[in-house]
Amino acid sequence: MSKRTPSRFTLMEAGLLSLSLVIPVGLLVLPDPASGQDRPFTSMAIARDEADDCRVPKPSADLAETAYLRNGYRAILRILIAEEALASETCTCLLDQFTWDQALDALPRFQTSDNPRLPFKVLDLYAKADALEAHVAEVCAE
């Protein structure tokens, strides 16, 4: 073997050695939670907005077998709530007056296809829900 060309084993050893030196140094840079130092991003808790209390939650997996369907039902429920708020001219949270069953029952109104796996266009439902919620917010701001 030539003295100028390092062997493959030597390169691998050099790589492992550099990793073994870098990892402990990286750990030393991180603050210790036991010392009372804050650990940015890993320990930060974001406070929920009051408006989130009235935000339609993500439905459970029991509601439908796919996320596409669950997201559609969530958008339908948002639409129903916004429509009721506009019809009743109320600015209070109506979320507790609606159930997932109402979203399921309203499916025929929003159905755009006979395909049971894609009965509606979720993006269109999101756009409609967003527009109605913005209109409710606008009316309630006056």
Side-chain angles (χ1 to χ4, degrees), residues 1 4-142:
M1 206 180 272
R4 290 188 207 162
T5 308
S7 71
R8 184 180 202 157
F9 185 70
T10 306
L11 289 175
M12 187 169 46
E13 284 180 326
L16 290 173
L17 178 61
S18 66
L19 279 177
S20 66
L21 294 174
V22 170
I23 291 174
V25 171
L27 291 175
L28 291 174
V29 173
L30 294 175
D32 180 23
S35 70
Q37 293 177 335
D38 289 338
R39 294 185 72 169
F41 303 111
T42 57
S43 65
M44 290 177 60
I46 299 172
R48 290 183 58 130
D49 291 338
E50 287 181 27
D52 284 351
D53 293 338
C54 194
R55 186 174 173 189
V56 176
K58 291 182 179 181
S60 72
D62 297 339
L63 186 66
E65 66 183 75
T66 65
Y68 184 88
L69 292 172
R70 290 189 299 272
N71 289 335
Y73 294 139
R74 183 173 184 243
I76 289 172
L77 195 60
R78 288 175 54 207
I79 292 169
L80 296 176
I81 291 170
E83 287 175 344
E84 179 60 29
L86 290 170
S88 64
E89 298 180 354
T90 184
C91 293
T92 60
C93 181
L94 301 175
L95 180 60
D96 60 343
Q97 297 176 22
F98 287 84
T99 65
W100 290 113
D101 288 335
Q102 288 171 289
L104 296 173
D105 293 342
L107 174 62
R109 181 174 147 206
F110 300 99
Q111 192 166 350
T112 58
S113 167
D114 290 334
N115 183 346
R117 296 188 60 78
L118 304 168
F120 38 65
K121 297 178 181 174
V122 172
L123 293 178
D124 291 349
L125 292 175
Y126 279 173
K128 183 170 183 161
D130 290 344
L132 283 169
E133 288 174 344
H135 187 61
V136 169
E138 180 183 311
V139 168
C140 289
E142 293 175 358

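Note that these values count all heavy atoms, side chains included, but never hydrogens, waters or copies made by symmetry.
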*With sequence neighbours excluded, give me every side chain to side chain donor-acceptor pair (under 3.5 Å) pair touching residues 105-115.*
Glu83-Arg109
*Where at least one partner belongs to residues 63-75, residue pairs that pass side chain to side chain donor-acceptor pair (under 3.5 Å), sequence neighbours excluded*: Glu65-Arg117
*asked:* Keeping Gln102 on the side-chain end and Thr99 on the backbone end, is there a donor-acceptor pair under 3.5 Å?
replied: yes
*Under a 4.5 Å cut-off applied to non-hydrogen side-chain atoms, are Pro119 and Leu69 in contact?*
yes
*Do Phe110 and Ile79 come within less than 4.5 Å of each other through their side chains, counting heavy atoms only?*
yes
_Closest heavy-atom pair and its distance - Ser88, Leu94_ = OG-CD1, 4.4 Å
*For Ala129 and Ala75, work out which heavy atoms get closest and say how close.*
CB-O, 3.9 Å
*To the nearest 0.5 Å, how far apart are CD1 in Ile76 and CZ in Phe120?*
5.0 Å
_Those residues that, when tested against Thr90, pass side chain to side chain donor-acceptor pair (under 3.5 Å) (two or more places apart)_ = Thr92
*With sequence neighbours excluded, give me every disulfide (SG to SG under 2.5 Å) pair touching residues 95-128.*
none
*Residue pairs involving residues 92-136 (criterion disulfide (SG to SG under 2.5 Å); sequence neighbours excluded)*: Cys54-Cys93
Return all side-chain donor-acceptor pairs below 3.5 angstrom for residues 130-142, not counting sequence neighbours, or 'none' if the list is empty.
{"from": "Asp130", "atom 1": "OD1", "to": "Arg78", "atom 2": "NH2", "distance (Å)": "2.4"}
{"from": "Glu133", "atom 1": "OE1", "to": "Arg78", "atom 2": "NE", "distance (Å)": "3.3"}
{"from": "Glu133", "atom 1": "OE1", "to": "Arg78", "atom 2": "NH2", "distance (Å)": "2.7"}
{"from": "Glu133", "atom 1": "OE2", "to": "Arg78", "atom 2": "NE", "distance (Å)": "3.0"}

